[in-house]
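Quick note on labels: first sequence line is chain A, next is B, and so on, each numbered from 1. Keep in mind the model is a prediction, meaning the values are calculated, not measured.
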Amino acid sequence: MRLSENFTPTLKEVPADAVIPSHQLMLRAGLIRPLAAGIYSYLPLGWRAARNVIDIIREEQDAIGGQEFQLPAINPIELWDETGRNSDFGGEMFRVTDRKGRTLALAPTHEEIICSVARGEIRSYKQLPQMWYQIQTKFRDEPRPRSGELRTRQFIMKDAYSLNATEQSLDESYNRQHASYCSIFGRVGIEYFVVGASSGLMGGSGSQEFMAESDAGEDTCVLCNACDYAANLEIAVSGQSYESRSDQPVELKEVATPGHGTIEEVAAFLQQEPDNFIKSILYIADDQPILVCVTGCDEINESKLEAQLGALFRQAEPEEVLSHTGTPVGYLGAVGLPDNIKVLADNRLQGRCGMVTGALKEDFHISGVDVARDLDRAEFHDLITVKADEPCPNCGQPLSIIRAIEIGHIFKLGTKYSSAMGATFLDESGKEQPIIMGSYGIGVGRMLATYIEQNHDENGIIWNRALTPYQVHVVPLNAKNESAVQLAGKIYDDLRTAGLTAVYDDRPLRGGFKMKDADLLGFPLQVILGDRTMAEGKVEVKIRRSGERLLVEPEAVVAKLQELLTNL
RNA sequence: CGGGGCGUAGCGCAGCCCGGUUAGCGCGCCUGCCUUGGGAGCAGGAGGCCGGAGGUUCAAAUCCUCUCGCCCCGACCA
């Protein structure tokens with residue numbers, strides 16, 4: 001590609017709207033351009049990189065027996081009513097109306113479509129297992145698109161669906177996908193780790209996320225420093241013990257705590273540790289009030305709470321707290337609470353004595369709470385959010401908490417969709433069974449952005465061999481130096497003859513400008529032809545990642561570049 | 001959906017509080033000269049419905065109301 005003839009609009013200045021490095025660099029290097037909130041065009045260079053990602057995914061999915069589909073992006077809303085996801089997705093699903101007034105969905109994912117294909121054709125266990133996948137554009141009307149390609153409303157995603165007859169077969173498909181993902185991320189060159197995860201809106205049992213550590217990430221993960229324990233904070237558990245304490249039971253006593261409603265204030269006022277308090281928060285689930293109790297130094301984990309309460313719950317408003325308990329926020333407690341309010345308590349409270357909690361009366365708390373004695377109606381679960389340095393549940397060593405980008409998610413769907421949609425088969429005994437499914441997704445744009453988050457410096461992107469739009473960037477510095485220009489043209493031709501992809505910066509610009517652009521675009525190897533090195537009869541090869549520069553005989557350049565490329 | 005910020009030339013911004021010549025600056029763009037190892041210099045030039053609508057006023061980029069869009073924090077989220 002000759003830069004003089006091709007569309008590669010680079011920017012010297014950082015666009016005001018871009019905050020994170022990958023977003024800034026994708027704009028500056030001319031990979032993408034915004035069209036609307038969370039909607040981007042891929043420009044030629046960006047699309048070449050995206051295609052590289054897609055090709056790798058395709059090869060690795062084919063390698064485990066995946067069969068690629070091309071599925072409709074618009075589909076009848078009735079399909080989504082069958083599984084209830086028309087309402088589950090709610091405002092997050094784009095809907096369009098056709099000329100007859102029928103509502104159609106812009107597919108946010110494709111379980112329903114896969115099921116509809118399967119129920120029409122799959123009849124027998126002999127036709128299973130199947131591994132079907134597609135690499136296509138998905139649409140989700142995200143409440144808040146952000147961070148460039150990391151969270152968009154229109155995005156390219158690979159998703160695969162396994163159709164299995166048995167749980168063992170599902171496990172096998174799942175494990176194959178797990179291995180395939182490791183191969184994909186390995187080839188793409190992203191540093192990643194795998195965590196246990198919740199299945200969220202998709203439903204199902206087993207679930208793992210492929211994560212890339214990054215401050216730009218939207219997920220929080222808990223990792224053990226010593227063993228391989230890794231989990232999304234949403235489901236992470238702590239190894240911290242919660243055995244009963246041997247504190248002597250004491251009598252309940254009301255204490256005045258005027259104006260001190262928060263744990264912090266009351267703890268300071270009473271000169272006790274927050275750990276000795278019971279934090280009580282009122283939730284509303286299905287219009288019913290539910291009190292949730294944890295120790296004063298813990299935070300409620302609402303993902304874990306969702307597992308107990310179902311999806312439709314929320315924290316009560318202050319007025320609701322007053323109307324349900326007769327107490328203002330800050331003085332809530334489970335002791336003496338009306339019987340119609342269910343109480344959920346965290347495991348760590350079990351057996352605790354001498355605790356302080358709200359007295360259900362403004363400006364008063366109760367001390368001497370014996371959980372076994374006074375909170376006997378509480379239901380105990382793991383409800384807390386793990387904190388950094390708590391012990392690992394596996395090995396007891398301290399846990400770390402880091403931010404990460406979710407780049408892939410695999411999970412065992414089970415029969416949620418096949419049952420709802422009647423996608424069944426006859427098993428060996430002639431009995432009709434719902435197909436057991438798995439679902440496996442990778443975001444293409446998110447992968448590109450993640451790669452750039454992990455591979456850039458102050459000058460620009462640093463592509464590796466696998467993803468780079470072009471392998472070599474040929475830069476004659478002085479357009480007036482005819483021998484340099486001529487040699488640059490020859491090297492460019494020779495590179496392409498040798499099967500390498502190359503960009504030739506034949507623009508009549510100053511050398512400094514062109515070198516800045518080359519670093520910004522970030523192809524792995526640069527061939528620089530300046531007056532100085534030309535005078536010595538050499539050309540310079542620069543390795544983008546290391547900045548290392550080699551002087552090479554012109555005749556040896558192509559071979560040298562080929563050799564260097566194998567290590568990039 | 002709650003909170004905050006911003007819409008002025010292709011990009012980055014000033015001007016707005018306190019209304020009043022022809023709306024500015026840097027970069028980019030076009031022409032010429034010059035320069036050519038890290039986003040040069042000089043000279044000349046093009047480019048604006050000041051996001052949109054309504055209002056106040058003799059007069060609105062500037063004040064008021066409404067609206068649309070974009071970004072950030074939160075809520076939410078495979």
A.B. asks: With sugar-phosphate meaning primed atoms plus P, OP1 and OP2, does A:Arg549 contact a base, only sugar-phosphate, or nothing at under 4.0 Å between heavy atoms?
C.D. replies: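 Counting heavy atoms under 4.0 Å across all strands, the contact made by A:Arg549 includes a base.
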
A.B. asks: Using the C1' atom in both, what is the distance from B:C70 to B:G51, to the nearest Å?
C.D. replies: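 After rounding to an integer number of Å, I get 11 Å for this pair.
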
A.B. asks: Is the centre of the A:Tyr470 ring less than 6.0 Å from the centre of the A:Trp463 ring?
C.D. replies: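 Distance test on ring centres: not under 6.0 Å, no.
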
A.B. asks: Which listed nucleotide (B:C77, B:G37, B:G38) is nearest to the side chain of A:Lys516?
C.D. replies: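 Ranking B:C77, B:G37, B:G38 by closest atom to the A:Lys516 side chain puts B:G38 first.
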
A.B. asks: Once you apply a heavy-atom cut-off of 4.0 Å, does A:Ala18 come out as touching a base, just sugar-phosphate, or nothing?
C.D. replies: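 No contact at all - A:Ala18 keeps every heavy atom at 4.0 Å or more from the nucleic acid.
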
A.B. asks: Which atom pair, heavy atoms only, marks the closest approach of A:Pro289 to A:His324?
C.D. replies: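 Taking A:Pro289 first and A:His324 second, the nearest heavy atoms are CG-ND1, 3.5 Å.
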
A.B. asks: All N/O contacts under 3.5 Å from nucleotides 2-4 of chain B to the protein, with atom names and distances to one decimal?
C.D. replies:
none

A.B. asks: Any strand is fair game: report the nucleotide pairing with B:C6 by Watson-Crick or G-U wobble, both distances under 3.5 Å, or none.
C.D. replies: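 B:G69 is the nucleotide pairing with B:C6.
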
A.B. asks: Hey, does A:Gln315 reach any base, or is it just sugar-phosphate, or nothing, if we go heavy atoms under 4.0 Å?
C.D. replies: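 Answer is nothing: A:Gln315 stays at 4.0 Å or more from every strand.
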
A.B. asks: In B/S/- notation, 5' to 3', how is nucleotides 5-13 of chain B contacted by protein heavy atoms closer than 4.0 Å?
C.D. replies: ------BSS

A.B. asks: Would you say the rings of A:Tyr181 and A:His409 are close, in the sense that their centroids are separated by under 6.0 Å?
C.D. replies: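 No: the rings miss the under 6.0 Å criterion.
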
A.B. asks: Identify whether any heavy atom of A:Gly441 sits under 4.0 Å from a base atom; if not, whether one sits that close to sugar-phosphate; answer base, sugar-phosphate or nothing.
C.D. replies: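 Answer is nothing: A:Gly441 stays at 4.0 Å or more from every strand.
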
A.B. asks: So what does A:Phe155 hit on the nucleic acid, given a heavy-atom distance under 4.0 Å: a base, only sugar-phosphate, or nothing?
C.D. replies: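 Base, at least one base heavy atom under 4.0 Å.
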
A.B. asks: Specify the closest pair of heavy atoms between A:Val53 and A:Leu448, including all atoms of both residues, with the distance to one decimal.
C.D. replies: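 Scanning both residues, the minimum pair turns out to be CG2-CD2, 3.9 Å.
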
A.B. asks: With both distances under 3.5 Å as the test, what is the Watson-Crick or G-U wobble partner of B:C17?
C.D. replies: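 Per the H-bond distance test, none.
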
A.B. asks: Contact class for A:Arg28 vs. all strands (heavy atom < 4.0 Å): base, sugar-phosphate, or nothing?
C.D. replies: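 The answer is base, as A:Arg28 lies within the cut-off (heavy atoms under 4.0 Å) of a base atom.
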
A.B. asks: For B:A46, what is the paired nucleotide under Watson-Crick or G-U wobble rules, both distances under 3.5 Å?
C.D. replies: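 Per the H-bond distance test, none.
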
A.B. asks: Say you pick atom C1' in B:C42 and the same atom in B:C34; how far apart are they, in whole Å?
C.D. replies: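 It comes out at 8 Å once rounded to the nearest Å.
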
A.B. asks: Give A:Asn481 one of three labels, base, sugar-phosphate or nothing, depending on what nucleic acid heavy atoms sit under 4.0 Å from its own.
C.D. replies: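 Touches nothing.
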
A.B. asks: Using a strict heavy-atom distance below 4.0 Å, which residues from residues 75-84 of chain A are in contact with RNA chain B?
C.D. replies: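 When residues 75-84 of chain A is checked for heavy atoms under 4.0 Å from RNA chain B, there are no hits whatsoever.
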
A.B. asks: Do A:Asn459 and B:G38 have a side chain to base donor-acceptor pair shorter than 3.5 Å?
C.D. replies: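 Such a pair does not exist between side chain and base.
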
A.B. asks: What about A:Asp517, does its side chain sit under 3.5 Å from the base of B:G39 through a donor-acceptor pair?
C.D. replies: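 Such a pair is found, so the answer is yes.
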
